[in-house]
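Taking it in order: structure first as structure tokens, then the write-up.
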Protein chains: 2
Amino acid sequence: MQSRPRIPEATVARLAVYLRVLSGLVDGGRGTVSSGELASAAGVNPAGLRKDLSHLGPCGTRGVGYEVATLRDRIAAVLGMETAHACVLVGIGNLGAALAGYGGFGTRGFEFVGLFDASPARVGQLIGGRPVRPMADLEDVVTSTGATIGVIATPAEVAQRVCDRLAAAGVRSILNFAPVTLTAPAGVDVRQVDLSVELQVLAFLDKQRDAVPGTAPAGELAGGMA
Amino acid sequence: MQSRPRIPEATVARLAVYLRVLSGLVDGGRGTVSSGELASAAGVNPAGLRKDLSHLGPCGTRGVGYEVATLRDRIAAVLGMETAHACVLVGIGNLGAALAGYGGFGTRGFEFVGLFDASPARVGQLIGGRPVRPMADLEDVVTSTGATIGVIATPAEVAQRVCDRLAAAGVRSILNFAPVTLTAPAGVDVRQVDLSVELQVLAFLDKQRDAVPGTAPAGELAGGMA
DNA sequence: GCCTGTGAACAGTTTCACAGCG
DNA sequence: CGCTGTGAAACTGTTCACAGGC
């Protein structure tokens with residue numbers, strides 16, 4: 001299959017994981033991998049991995065496996081990593097600073113072209129080599145850099161207002177870490193991430209496990225990101 | 001349906017979101033809500049919300065809606081929030097500090113009974129009112145507090161070793177924020193959260209949207225947590 | 001009349017088994 | 001003979017429509 005008939009979202013999330021694993025293998029000087037090995041390193045089922053990769057068209061050699069460098073580049077291309085994505089990050093508290101300083105973004109095609117915080121104490125600080133700017137500069141920076149992605153790591157109370165400003169400034173995709181449900185105009189895609197929900201799911205599964213002693217703990221990871 | 005025939009995991013994740021919204025409504029002095037209103041505040045489909053709640057047994061009154069305080073307590077009980085969960089958090093960088101200082105955990109039945117970091121510079125600091133301890137104390141604290149949940153917010157290189165130590169010390173559920181796939185012995189449940197995957201999915205959807213102009217941006221949030 | 005609760009259709013995702021090529 | 005690629009089956013989760021109480 002080509003990339004036309006649309007790749008399932010669940011597959012896209014896993015492709016991002018494969019990309020990370022493959023990058024590690026390339027750095028380790030590895031030439032080829034089998035689906036079984038790659039699946040094990042990514043924590044998924046081998047057959048499922050092959051089905052995921054089938055959405056990119058044939059990219060392995062039968063009896064051998066996949067060439068790691070080629071496969072990595074192919075996935076990177078499909079995920080749109082060949083062109084860097086300009087992002088702005090609003091709210092430089094601990095979480096915002098963690099996101100800004102996380103090396104994983106830069107190496108995967110994301111660049112934070114603007115860090116913003118409402119607190120004068122934060123403005124001017126350097127985070128990951130970039131200065132924190134005042135909120136007043138938000139619209140100008142979005143316009144001048146053409147940033148299409150906005151990340152919100154503010155307190156819940158101001159997240160909706162920040163979302164409105166990002167959308168008005170032309171940002172089309174928003175990732176929200178504040179624990180509120182945001183509404184955005186049509187044409188703007190909002191994704192919600194609440195760090196406490198995973199913990200609650202974990203606690204629920206733990207409780208359920210105690211209640212039903214015969215139940216095995218399922219297995220490995222199940223969460224969305226990786 | 002009672003809670004016996006098992007509640008779907010997707011439903012559990014959404015119940016956590018409803019719980020947050022309901023807590024806000026209770027604080028606002030609200031008496032009852034309809035499924036439509038609650039669904040809108042949680043960013044989900046009203047029919048889906050009713051189906052989710054049906055797993056707890058009938059808990060609304062027809063023609064009226066749900067009593068917010070009662071429903072909140074019911075969900076809290078099902079999610080196991082009536083008894084506090086003791087957690088240990090390993091890796092007090094920016095992300096770890098953000099998690100430790102996030103008020104949302106404490107009010108939802110989670111208590112960090114131990115914060116750990118390998119860096120001597122971090123040890124002794126107070127985060128969210130609790131001191132950062134040296135890694136050497138990990139096993140003792142897990143044993144003495146009976147912590148059943150461990151959160152890993154360390155660099156990727158040491159995450160597996162931390163996982164091993166947590167599992168050996170008796171932790172049964174692990175939430176991993178490090179970008180590596182962890183393996184744990186049977187009986188230990190590991191959930192993986194990678195902050196960069198959501199960003200990559202967002203970028204992919206954005207790219208796909210440009211490629212197929214007729215496609216609407218879906219709608220609201222889709223991600224797991226909230 | 002309004003809103004809940006739910007069975008039934010639907011869509012998406014995972015698993016399986018195996019055909020096909022190197 | 002090993003490993004990829006893929007259709008078919010099984011499963012899970014979501015959406016819809018409406019029956020049923022208040």
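Convention: sequence-line order gives letters A, B, ...; per-chain numbering from 1.
- Rounded to whole Å, atom C1' of D/dG5 lies 15 Å from atom CZ of A/R74.
- For A/R172, the side-chain contact (heavy atoms from CB on, under 4.5 Å) partners two or more places apart in sequence, or in a different chain, are B/D206, B/R209, B/D210.
- For the side-chain contact (heavy atoms from CB on, under 4.5 Å) test, residues two or more places apart in sequence or in another chain that qualify with A/A41 are A/V21.
- Atom pair B/I7:CD1 and D/dT12:P shows a separation of 16 Å (rounding to whole Å applied).
- Dashed line: the shortest gap from a side-chain N or O of B/S35 to OP1 or OP2 of C/dT4 is under 4.0 Å.
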Heavy-atom contacts, protein to nucleotides 10-18 of chain C, under 4.0 Å, summarised as B (base), S (sugar-phosphate only) or - (none) per nt, yield ---SSBBB-

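- Atom-to-atom, CG of B/L53 to C1' of D/dG13 comes out at 16 Å; the value is rounded to the nearest Å.
- Screening residues 22-41 of chain A for salt bridge (Lys or Arg N to Asp or Glu O under 4.0 Å) gives A/R30-A/E37 as the qualifying pairs, with residues at least two apart or on separate chains.
- Following rounding to the nearest Å, B/L49 (CG) and C/dT4 (P) show an atom-to-atom distance of 9 Å.
- Applying the ring pair (Phe, Tyr, Trp, His ring centres under 6.0 Å) rule to pairs touching residues 88-108 of chain B yields B/Y102-B/F105, B/F105-B/F112, sequence neighbours excluded.
- What separates NE2 of A/H55 from P of D/dT4 is a distance of 16 Å, to the nearest Å.
- Within residues 62-70 of chain A, the residues approached by DNA chain C to less than 4.0 Å at the level of any non-hydrogen atom are A/R62, in residue-number order.
- Across every non-hydrogen atom of A/L19 and B/Q200, the tightest pair is CD2-NE2, 3.5 Å.
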Show me, pair by pair, the donor-acceptor contacts under 3.5 angstrom made by side chains of residues 75-91 of chain A, not counting sequence neighbours?
from	atom 1	to	atom 2	distance (Å)
A/H85	NE2	A/G80	O	2.9

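- Under the salt bridge (Lys or Arg N to Asp or Glu O under 4.0 Å) criterion, no residue pair touches residues 84-95 of chain B, with sequence neighbours excluded.
- By the side-chain contact (heavy atoms from CB on, under 4.5 Å) test, B/S35 pairs with B/P46, B/L49, B/R50, B/Y66, sequence neighbours left out.
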